[in-house]
Chemist: 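Below is a structure I'd like to ask you about.
Residues: numbered from 1 along the sequence shown. Note that the coordinates shown come from a computational prediction; the quantities given were computed from them, not determined experimentally.
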Amino acid sequence: MNGYQITFLTQQRQQVEGRPVADWLMGVAAELGLRGATQWAATQGLDHRHRVHAARFFELADQPVCVMMVVSPEEAERLLARLQAVPLPLFYSKVPAEFGLLGAVGNASPGD
């Protein structure tokens, strides 16, 4: 299947609706019925103003966090329209992707 890989870059301290943005994005993915999303924390990042953000031993609020989703074109439209409705500056990248599931039997998913 063809679609897009959409990656959101944020920081642990950035919040929306009282939740960390990365956790909120995971909830939006579930709300929209997307196939899945993956969230991971990075050790260090450089923002558009050339400032370094990093996880420190005593302070994790500045830790960079990524959320990645692989979606169909229709899902990408719904997702970006949903996010556009929220007053939140959120950096993302959207690149074409081919995706599928290998080795599946019936409707089984990896980890089932």
Side-chain angles (χ1 to χ4, degrees):
M1 177 177 275
N2 291 311
Y4 299 98
Q5 175 182 306
I6 302 178
T7 304
F8 299 93
L9 304 173
T10 184
Q11 295 162 7
Q12 190 66 26
R13 72 170 165 230
Q14 190 176 13
Q15 295 204 354
V16 64
E17 298 177 1
R19 297 172 59 190
V21 170
D23 294 346
W24 178 80
L25 284 168
M26 298 295 284
V28 169
E31 169 192 315
L32 294 177
L34 302 183
R35 291 175 177 81
T38 300
Q39 176 185 152
W40 68 93
T43 56
Q44 189 167 291
L46 184 67
D47 72 13
H48 65 282
R49 291 185 209 127
H50 308 288
R51 290 183 302 189
V52 173
H53 298 274
R56 304 283 186 237
F57 185 70
F58 290 107
E59 179 59 57
L60 294 178
D62 202 35
Q63 183 171 26
V65 180
C66 301
V67 176
M68 183 181 69
M69 304 174 191
V70 179
V71 297
S72 70
E74 296 78 20
E75 291 168 331
E77 263 186 55
R78 286 189 298 126
L79 173 64
L80 294 176
R82 169 71 170 85
L83 299 179
Q84 190 66 32
V86 178
L88 170 72
L90 183 61
F91 180 83
Y92 74 96
S93 64
K94 176 182 165 187
V95 296
E98 179 181 319
F99 60 94
L101 183 61
L102 299 173
V105 178
N107 290 329
S109 298
D112 280 350

Chemist: Please tell me whether Leu25 and Val65 are part of a single hydrophobic cluster in this structure, the criterion being side-chain heavy atoms less than 4.5 Å apart.
Modeler: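 As far as the 4.5 Å side-chain criterion goes, Val65 and Leu25 are not connected within one cluster.
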
Chemist: Do you know which two heavy atoms are closest between Ala37 and Ala29, and how far apart they sit?
Modeler: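 Heavy-atom minimum between the residues: CB-CB, 4.1 Å.
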
Chemist: Same cluster for Met26 and Val70 if Ile/Leu/Val/Met/Phe/Trp/Tyr side chains link at under 4.5 Å?
Modeler: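 Not linked; separate clusters.
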
Chemist: Anything under 3.5 Å between a donor and an acceptor, one on a side chain of residues 81-99, the other on a protein residue two or more places apart or in another chain? List them.
Modeler:
{"from": "Arg82", "atom 1": "NE", "to": "Glu31", "atom 2": "OE2", "distance (Å)": "2.8"}
{"from": "Arg82", "atom 1": "NH2", "to": "Glu31", "atom 2": "OE1", "distance (Å)": "3.2"}

Chemist: Check step by step if side chain to side chain contact (heavy atoms under 4.5 Å, CB included) holds for Thr10 and Val67.
Modeler: CA-CA 8 Å; Thr10 184; Val67 176; 5.5 Å; no

Chemist: Kindly work out whether a path of hydrophobic side-chain contacts (I/L/V/M/F/W/Y, heavy atoms less than 4.5 Å apart) joins Leu80 to Leu34.
Modeler: yes

Chemist: Taking the side chain as C-beta and beyond, is there a heavy-atom pair between Phe8 and Met69 under 4.5 Å?
Modeler: yes

Chemist: Find out if a path of hydrophobic residues (ILVMFWY) with successive side-chain heavy-atom gaps under 4.5 Å connects Leu9 to Leu79.
Modeler: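 Hydrophobic grouping puts Leu9 apart from Leu79.
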
Chemist: Find the distance between CG (Asp23) and CD (Glu17) and round it off to the nearest 0.5 Å.
Modeler: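 Between atom CG of Asp23 and atom CD of Glu17 there are 12.5 Å.
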
Chemist: Side chain to side chain donor-acceptor pair (under 3.5 Å): which pairs involve residues 67-80, sequence neighbours left out?
Modeler: Arg35-Glu75, Ser72-Glu74, Ser72-Glu75

Chemist: Please say whether more than 12 non-hydrogen atoms of neighbouring residues, nucleotides or ligands are located less than 6.0 Å from OH in Tyr4.
Modeler: no

